[in-house]
Amino acid sequence: MQDASSTPTAQLRNRIVVRLQKELRTRRFVVVSLITLGWLVALLIVASREGHGLFDSTHTVVYKPFQLPGLDVDEPLQPAALAGTLSLHAGFGSFYSNPARRDWFELLLAARGSDALMPETILAIDNIRLFAPDGTQLCAPELRLDAPQRPVSVGIDADLVLSQELAEYPTRAMAAHRFELFWTPMYSPACAYQEPAWVLADVLRKVAVAQEEPLWLALSGEESVIRVGESRVTARPGAVPGEWWVEVVNLGEETLHFMPDDYPAHQAWHRVRYASSPYFDSAWDRLLRGKTFLAADMYQLRFEGTPPARLPIRLWSGKEERLRDVRFSKDDELRSDPSLRSTWHLALAHTDLDMPTQLPLQAQGREYHEVFLPISLSAVCQLRVVSSEQPLLRWRATQRLPMKSYRRYSALPPEQLDQVRWELQGSDGELRFFHDVQVESELSCPSGLAWQALPYQAGEAPWLVAAAALPSALVQPEQPARELFGRLRFLDANGQALMPVARSADLDEPTVEDFLFPGGVFKFHGEVRRIEQLTTLDATPRTVRWTYRFMQLEGN
């Protein structure tokens, strides 16, 4: 019988093993292995520095609705002075700290530009100084932090909560520049450091100036391009009639953006497309070539009727300027010191006076019943029960809902978040779930309502308004805050109503007193230039009635 080791297959296997053993001992294999290991270590280092892994996808498509700016569009305000928010990391200064720890905090600046309308102006921050509560300077790290090319979205607590979202405190998604500062005492012994109370820094930004005459981007059956310096905007016909893809790439000092115009009816979507990299990792590509990580704005436009022959494009140019000693404060300091301006420009929506004609806005057959009204209508309209199969029911404005009872309910659509939520309840305010009951309700509003300007002159701190400048009958500390801010609106230079700042966050049922700061002033998320009061021109009631049937219990 033939020995298994002497078969042709075994002999071939033995030769391969011997060959591999010899190859592993060669200098060539050792050198190639070391080079490969070095590349892997370099990739890991770059990935850890970038903070988002080895691979940065360039093909993720996230669409969001977009509308070409109309003639009535308001351009983002560019304040002369800025303020920032200081946010400490949750684990800062814990007892797990050791000499090699890396505590960190964030400095947040609101993004003022718009992808479609105008360039973002924040470029970088430097000359950073950290201060203790007593005003002693703790540290002054010598570094410059460049603003990210794309602002990030941060959640900002709403001060005047008028409705709920999953029974949690709603936040506003605000575009912001986030600067992270890491601290390693082991490597910075010369800079005494502890938790900062506030931070001062110089902000480098670009002063943008618009060219008066527009540039025109042709919409035709062929590709058309506008180039200015390193920036460009390109239009390509789409797959269906009346469709175009518009790509905007902005680099350098001059940038291109859509200009407000009277556009025909259309649908549009926007996404951000990141440039492809010759390497697997765009972060590694950026490190190798030292270039800005390119991002393009992609707009898909579909016109319903006759499309325009061209789109107006605005050219912005600018120069760098330095704003010195911009203060970054923690939220509790911003809410305790009225002299500090707010970081964020927040609008108070739904101050319109159009009476809804279709109520309720929710489906029939649930075990609860709610109606959402604009804050101004909630201040002057009456909501009542006309008839009910269950006695002692009433409508009541409810701003904060108990988490335990409402956990299972779906989130509200964004258009209802800044409206006042009214709920049908029992007379005790506790009973709010009903079954096998039919109720007829009525909304009654004055026929003639209008906003009328009050005499007002902004002071040196335009984000503050003295209570003495307002009608005393409306400034009642114990009244719900929605009553005051529904009957008065505080407008910025663009005519947009501003959100007031509360002295403490996360309020269940905010009153006027919660917004009244020491010195008898109200503070706003923006600069107040005009105040208007809601007046009744015609008290003749306009009414809307509807009937609602609560859900039936199972088995009935």
Side-chain angles (χ1 to χ4, degrees), residues 58 64 66-71 73-78 111-124 146-151 175 177 203-238 243-264 266 268-278 282 285-286 289-301 303 307-323:
T58 62
K64 61 180 180 180
F66 166 80
Q67 287 295 301
L68 287 167
L71 292 173
V73 70
D74 292 331
E75 295 178 356
L77 292 174
Q78 301 293 322
R112 302 290 179 176
S114 165
D115 290 338
L117 289 180
M118 67 181 300
E120 178 52 51
T121 62
I122 306 299
L123 301 176
D146 292 325
Q149 183 184 7
R150 290 282 156 177
H177 296 286
V203 175
L204 304 178
R205 72 174 184 178
K206 181 169 61 177
V207 180
V209 179
Q211 178 177 295
E212 293 185 3
E213 293 297 323
L215 305 175
W216 294 99
L217 180 67
L219 298 182
S220 62
E222 299 179 352
E223 177 179 295
S224 61
V225 183
I226 296 176
R227 295 181 183 273
V228 179
E230 295 185 78
S231 300
R232 69 178 186 273
V233 55
T234 306
R236 301 181 182 89
E243 178 185 79
W244 278 270
W245 287 87
V246 178
E247 179 186 67
V248 182
V249 177
N250 281 316
L251 294 172
E253 294 298 321
E254 297 178 303
T255 56
L256 298 164
H257 303 265
F258 289 111
M259 183 174 182
D261 201 359
D262 188 11
Y263 299 103
H266 66 278
W269 299 268
H270 171 229
R271 70 180 175 94
V272 176
R273 182 179 66 81
Y274 294 98
S276 299
S277 168
S282 59
D285 179 30
R286 184 158 71 251
R289 298 192 298 172
K291 293 185 177 181
T292 302
F293 186 35
L294 178 64
D297 291 292
M298 300 293 298
Y299 300 93
Q300 184 182 12
L301 309 177
F303 295 94
R310 56 185 186 173
L311 296 177
I313 302 297
R314 171 177 285 163
L315 174 63
W316 291 86
S317 60
K319 62 179 181 179
E320 183 177 311
E321 74 168 5
R322 177 181 293 269
L323 295 179

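- Ionic pairing of Glu320 and Lys206 is not present here: no N-O contact between side-chain nitrogen and carboxylate oxygen is shorter than 4.0 angstrom.
- To the nearest 0.5 angstrom, Ile313 atom CD1 is 12.0 Å from Gln211 atom CD.
- For Tyr263, the ring pair (Phe, Tyr, Trp, His ring centres under 6.0 Å) criterion is met by no residue, not counting sequence neighbours.
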Point to revise | Audit row: Glu254, Trp316, side-chain contact (heavy atoms from CB on, under 4.5 Å) steps and yes/no | key: CA-CA 6 Å; Glu254 297 178 303; Trp316 291 86; over 6 Å; no

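- The minimum heavy-atom distance linking Ala147 with Ile122 is given by the pair CB-O, 3.7 Å.
- A salt bridge (Lys or Arg N to Asp or Glu O under 4.0 Å) check over residues 310-319, counting only residues at least two apart or in different chains, returns the pairs Glu75-Arg314.
- Taking the six-membered ring where the residue is Trp, Tyr299 and Phe258 present perpendicular rings, their angle passing 60° and hence far from 30°.
- With hydrogens and angles ignored, the 3.5 Å screen pairs no side-chain donor or acceptor of His266 with any backbone N or O of Leu301.
- Counting only distance, with no hydrogens or angles, the side chain of Thr234 and the backbone of Val225 share no donor-acceptor pair below 3.5 Å.
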**Study point:** From CA spacing to verdict: side-chain contact (heavy atoms from CB on, under 4.5 Å), Gln300, Arg271
**Key:** CA-CA 9 Å; Gln300 184 182 12; Arg271 70 180 175 94; over 6 Å; no

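- Although no hydrogens or angles enter the test, the distance criterion places no donor-acceptor pair under 3.5 Å between the side chain of Asn250 and the main chain of Ser231.
- For the 3.5 Å distance criterion, the side chains of Glu120 and His177 qualify, holding a donor opposite an acceptor.
- By the 30° and 60° cut-offs, the orientation of the rings of His270 relative to Phe66 is tilted.
- Side chain of Trp244 to main chain of Ser220: a donor-acceptor pair is present (N/O by atom type, distance under 3.5 Å, no hydrogens or angles).
- Residue pairs meeting the salt bridge (Lys or Arg N to Asp or Glu O under 4.0 Å) criterion with at least one partner in residues 207-220, sequence neighbours excluded, are absent.
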